Protein chains: 2
Amino acid sequence: MDEAEVPVELARLWRIAPESRLGRPARLDVGAVVDAAVALADRDGLAAATLPKVAEALEVTKMSLYRHVGSKDELLVLMRDAAQGPPPASLEGTGPWRERLRGWAEAQAAVLERHPWLVRMPVTGPPSGPNGIAWFDAGLRALRETGLDWGAKVGVVMLVSQYVGGAAELAQGLAAGRGTGLDQAAAEQSYGRAMAALVDPGRFPDAAALFGSATFEATGPDTGGHDFRFGLELVLDGVAAAVERA
Amino acid sequence: MDEAEVPVELARLWRIAPESRLGRPARLDVGAVVDAAVALADRDGLAAATLPKVAEALEVTKMSLYRHVGSKDELLVLMRDAAQGPPPASLEGTGPWRERLRGWAEAQAAVLERHPWLVRMPVTGPPSGPNGIAWFDAGLRALRETGLDWGAKVGVVMLVSQYVGGAAELAQGLAAGRGTGLDQAAAEQSYGRAMAALVDPGRFPDAAALFGSATFEATGPDTGGHDFRFGLELVLDGVAAAVERA
DNA sequence: CAAGGATAGTATCCTAGAGATACTAACTGG
DNA sequence: CCAGTTAGTATCTCTAGGATACTATCCTTG
């Protein structure tokens with residue numbers, strides 16, 4: 001635990017305070033800045049979490065934020081870890097790996113529903129914050145009894161995580177379209193109609209058949225959840241095949 | 001094929017020219033703008049594809065671009081479709097669905113390698129451009145003989161596509177870290193060391209065990225390809241389970 | 001063959017964000 | 001009480017996206 005080797009950004013992520021009692025006492029700290037930014041993103045989307053707006057929310061000038069976060073990109077990393085939060089205690093229990101991994105995926109989906117902007121955030125690398133690590137750890141723990149090697153476990157955890165993120169992104173994409181008078185049904189109908197006009201059955205036989213089918217007309221609000229389950233079970237089936245092989 | 005109902009942005013995506021011979025003839029067209037933007041993104045990343053820079057590359061003022069693309073966001077959509085290009089002819093052949101879907105995924109991975117910035121582009125909805133539709137169509141065609149219903153086929157195609165994108169994103173994230181003198185091995189070693197210092201085996205037993213293992217030290221340049229195959233086969237196993245059920 | 005309408009491209013403005021620099025303010029320990 | 005240390009401020013620059021009002025160039029029609 002030699003913390004001297006840890007770079008500054010990681011120290012901030014893990015909230016390792018230098019504990020210096022010198023100089024002017026701070027009104028702000030990393031947590032306050034990040035919380036304010038997360039609150040803004042929750043309310044008005046990721047684009048609203050700008051340095052000027054965060055500063056205004058904290059009643060402070062923009063530049064003072066740089067005392068605590070280093071850069072906008074670093075703020076984004078901090079925001080992700082903070083918004084994720086720790087994995088819920090309900091994942092602690094024991095049980096068959098499939099149930100546990102399913103629960104893990106659903107818990108992550110719940111987080112993404114609470115903070116929709118998390119989905120659009122660029123992934124800059126492997127998890128490195130305390131909460132990111134905690135989720136990662138929980139995912140690995142679900143696979144503990146499977147006999148998979150480390151590489152496979154990592155692959156499985158990232159695959160499931162990717163799936164959850166992709167599904168959330170898709171759900172959000174479908175849910176967008178309201179806002180300027182068009183409700184979701186109208187948006188989808190207009191998409192379907194335009195596609196029907198553009199997709200030539202000669203060039204794109206299968207796609208045209210899809211758009212010709214009733215698939216894009218009967219999508220109610222519950223479909224998202226149903227589709228999510230379907231894909232998740234598919235992924236879990238794939239994991240099961242790997243587990244049986246090991 | 002009533003093209004009157006198609007909104008302007010879709011008309012531009014599909015290159016449906018209004019064919020008006022009136023007025024001053026254009027030096028530019030949608031294709032030229034998009035190609036220039038793609039070239040910039042290929043060379044210097046997505047952030048380099050700004051309206052001023054595209055305009056400079058075309059020796060034209062920034063504002064003239066708005067005659068052809070409508071907005072920056074629309075340009076991004078156009079760029080995606082253009083960069084994807086049509087799916088390769090090699091996917092046309094027939095064969096068992098698993099081989100075909102695998103080939104489809106690999107072809108898509110190749111596109112993402114050629115245009116790395118595609119990975120980071122926000123997904124704004126279902127595919128709507130000609131190339132996006134063509135890829136989608138090819139994916140559906142690979143599943144034609146599986147007996148899956150439309151909803152399942154769509155889910156499978158999107159799942160595989162998501163997987164490819166996620167894997168590419170991960171590969172890029174790992175490949176970043178060079179640039180300021182640190183080569184990849186050094187970056188990974190430094191990441192591993194910092195994590196080893198921060199991840200408390202008491203709080204995060206499985207993650208700590210992972211970082212303690214040799215997993216993060218033995219990753220050569222070929223590992224990406226290997227991991228990609230592993231995850232892809234996993235996904236295909238899941239699809240196989242769904243196909244057998246149908 | 002000249003208007004005049006239609007379209008392409010330009011010049012100039014504004015807003016907003018990220019960040020650099022140089023400053024002032026507040027505290028603490030010698 | 002003062003010198004060093006740290007927190008927050010004021011002001012400036014650069015870059016980007018976009019709005020508006022203009023000029024340039026061409027085709028068509030009278």
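Proteins come first, then strands; the chains are lettered A, B, ... in the order of their sequence lines, and each starts at number 1. Computed from a predicted model, the values in this text were never measured in an experiment.
Under the rule for a salt bridge (Lys or Arg N to Asp or Glu O under 4.0 Å), R80(B) has no partner lying at least two apart in sequence or in another chain. Residues forming a ring pair (Phe, Tyr, Trp, His ring centres under 6.0 Å) with H115(A) (at least two apart in sequence, or on another chain): W117(A). E169(B) is linked by a salt bridge (Lys or Arg N to Asp or Glu O under 4.0 Å) to nothing, counting only residues two or more places apart in sequence or in another chain. Among residues two or more places apart in sequence or in another chain, the salt bridge (Lys or Arg N to Asp or Glu O under 4.0 Å) test is passed with D137(A) by R141(A). Partners of E9(A) by salt bridge (Lys or Arg N to Asp or Glu O under 4.0 Å), not counting sequence neighbours: none found.
The stretch residues 52-68 of chain A touches DNA chain D through V60(A), T61(A), M63(A), S64(A), R67(A), H68(A), each having a heavy atom under 4.0 angstrom from the strand. Sorted by residue number, the members of residues 24-48 of chain B with any non-hydrogen atom under 4.0 Å from DNA chain D read R24(B), P25(B).
With a cutoff of under 4.0 Å to any heavy atom of chain A, the contacted region of DNA chain D is bounded 5' to 3' by dT5(D) to dT11(D).
Legend: salt bridge (charged side-chain N to carboxylate O under 4.0 Å, His left out) pairs involving residues 67-79 of chain B, not counting sequence neighbours, sorted by first then second residue: R12(B)-E74(B). Listed by first then second residue, pairs satisfying salt bridge (charged side-chain N to carboxylate O under 4.0 Å, His left out) with a partner in residues 110-133 of chain A number zero, not counting sequence neighbours. Residue pairs meeting the side-chain hydrogen bond (donor to acceptor under 3.5 Å, both in side chains) criterion with at least one partner in residues 48-66 of chain B, sequence neighbours excluded, do not occur; the list is empty.
Considering V34(B), N131(B), I133(B) as possible partners of D81(B), the one that fulfils the side chain to side chain contact (heavy atoms under 4.5 Å, CB included) test is N131(B).
Annotation: the span from D35(A) atom CG to D42(A) atom CG amounts to 10.5 Å, rounded to 0.5 Å.
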- Task: Could you provide the dot-bracket string of DNA chain C, using ( ) for intrastrand pairs, [ ] for crossing pairs and | for bases paired to another strand, with Watson-Crick or G-U pairs below 3.5 Å?
- Result: ||||||||||||||||||||||||||||||
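Without hydrogens or angle criteria, Y163(A) side chain to F228(A) main chain gives a donor-acceptor distance under 3.5 Å. For the pair W104(B) (side chain) and F136(B) (backbone), a donor-acceptor distance under 3.5 Å is absent.
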